[in-house]
Number of protein chains: 2
Amino acid sequence: MNVKTLCLGILTFGDATGYEIKKAFQDKLSQMYDAGYSSIYPALNQLTKEGFVSCRQEAQNKRPDKKVYSITTEGRLFFIEELKKKPAEDKFRSEALTTLMFAHLLPARTTSDLIDSLIASYEQYIQDLSTDCDMKQSHSEKFLCGMGITIRKAAITYMQENRHLIEADALLSQQAAE
Amino acid sequence: MNVKTLCLGILTFGDATGYEIKKAFQDKLSQMYDAGYSSIYPALNQLTKEGFVSCRQEAQNKRPDKKVYSITTEGRLFFIEELKKKPAEDKFRSEALTTLMFAHLLPARTTSDLIDSLIASYEQYIQDLSTDCDMKQSHSEKFLCGMGITIRKAAITYMQENRHLIEADALLSQQAAE
DNA sequence: CTGTGCATGTAAATCGTTACATGATTGC
DNA sequence: GCAATCATGTAACGATTTACATGCACAG
């Protein structure tokens, strides 16, 4: 699912400006996607051309005109068809964990620091999510939020229980080098 | 980390051809990255130009010449510098879970099927990983493998315990529509 | 007076995927 | 006979990111 399709999806919750759509990305989809204005605005223009959204312009004093987008019937049908397609495989990508695959090139200390900060960032992530998970209205959002927390909690526990495997390796190869 | 940098990383384990590098991606990095030949071959050519790898050509009978790449000292230094950079944030992306955010647009049945097949695909993933986790030699690889399994196990448990939240919503909105 | 929020966009660069292009060998 | 493995690449397309470009209002 690309930014264009997701903009359409966000508009199924109600009309919005490009600016508000960006906020919706942060609100509802931040765990999975992030989109910048430079993806959103061109996407909305294309969707308008394709007839999947309509746009009404609202004048404002001392601000650029607000362009409020609404999804059209065709847009809604198109989006539902997209949803019915077999979803792409889930992907979990961690540069930090990838770095550990090359631990043999780094000082033992660096490896340990890396794991420490990864755990710390997960803990921070859990805290942030917990806070706004409570504020979520829909069950879907709560579900997704809870999933994010669950996964990271499991990851932290795993790292704490198994980090010694990598750290022992790092120390050994360092001693060998000395 | 992009394909180019990762090719360099793979070459720190030993010389390899483009073909073998692709296998290494599947072997060592499949959880995080995948690269096709059309990313790898141009990357190797660029790395050669930049002096980060060297290449010796080996003739073969009835096959294209084999090009065996080795990382150079500059390449190794460059890669280590890349490793020391602050890693990008971890990302977990699931189209299936994203679809659930739009469950209000789908029949209740579709939502349930989606969760079922997500759980099934995670179970499959765990099985596949478990098999070749045992065959891994290095602790780093085992660590990463175990992480992949742990996360998916936690996710399955979470989904089983919380799916009723979404499924109840879906049924309600469906009844309302009837 | 500085940062955050509101509000819109374009241009260029980077990166990756899909499709195309070739061709022998080996195992089932 | 057909699929998989070995072996290399290019061209076109699609998607996203980064940098550029503007400007007022309001709170601390």
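Since this is a predicted model, take the numbers as computed values, not measurements. Throughout, protein chains are lettered first and strands after them, A, B, ... in sequence-line order, and every chain is numbered starting at 1. Heavy atoms only: backbone and side chains are in, while hydrogens, waters and symmetry mates are out.
- For B/Ile40 and D/dG9, the CD1 to P distance is 12 Å, given to the nearest whole Å.
- The side chain of B/Ser39 sits closest to C/dT17 out of C/dT10, D/dT10, C/dT17.
- The side chain of B/Lys4 contributes no N or O atom lying less than 4.0 Å from OP1 or OP2 of C/dT14.
- A/Tyr69 places its OH atom 13 Å from the P atom of C/dA7, with the value rounded to the nearest Å.
- A sub-4.0 Å separation between OP1 or OP2 of D/dC6 and a side-chain N or O of B/Lys22 is absent.
- In this structure, A/Tyr37 places its OH atom 20 Å from P of C/dA11, rounding to the nearest Å.
- Both A/Tyr33 and B/Gly18 lie close to DNA chain D; mapped to their nearest nucleotides by heavy-atom distance, the more 5′-ward contact belongs to B/Gly18.
- Look at OH on A/Tyr19: it is 16 Å from P on D/dA25, rounded to the nearest Å.
- Spacing between atom CD of A/Glu20 and atom C1' of C/dT8 amounts to 13 Å, rounded to whole angstrom units.
- Residue A/Tyr41 has a polar side-chain atom (N or O) positioned under 4.0 Å from OP1 or OP2 of C/dT8.
- Per the geometry, CG belonging to A/Asp34 stands 15 Å off C1' belonging to D/dA15, to the nearest Å.
- The backbone N or O of B/Leu144 sits less than 3.5 Å from a side-chain atom of B/Gln31, completing a donor-acceptor pair.
- As rounded to whole Å, 11 Å separates atom C1' of D/dA15 from atom CZ of B/Arg93.
- Between the side chain of A/Thr17 and the base of C/dT8, no donor-acceptor pair under 3.5 Å is found.
- Nucleotide D/dT5 holds its P atom 19 Å from the CD1 atom of B/Ile21, rounded to whole Å.
- Across the interface with DNA chain C, nearest-nucleotide mapping of A/Lys23 and B/Gly36 shows A/Lys23 to be the residue nearer the 5′ end.
- Proximity of a side-chain donor or acceptor of B/Asp132 to a complementary backbone N or O of B/Met135 within less than 3.5 Å is not detected.
- The aromatic rings of A/Phe143 and B/Tyr158 are tilted relative to each other, their planes meeting at an angle between 30° and 60°.
- Between the base of D/dT18 and the side chain of A/Ser38 there is a donor-acceptor pair shorter than 3.5 Å.
- The 12-atom threshold is exceeded at NZ of B/Lys136, counting heavy atoms of other residues, nucleotides or ligands nearer than 6.0 Å.
- Using cut-offs of 30° and 60° for the angle between ring planes, the A/Phe102 and A/His104 rings count as tilted.
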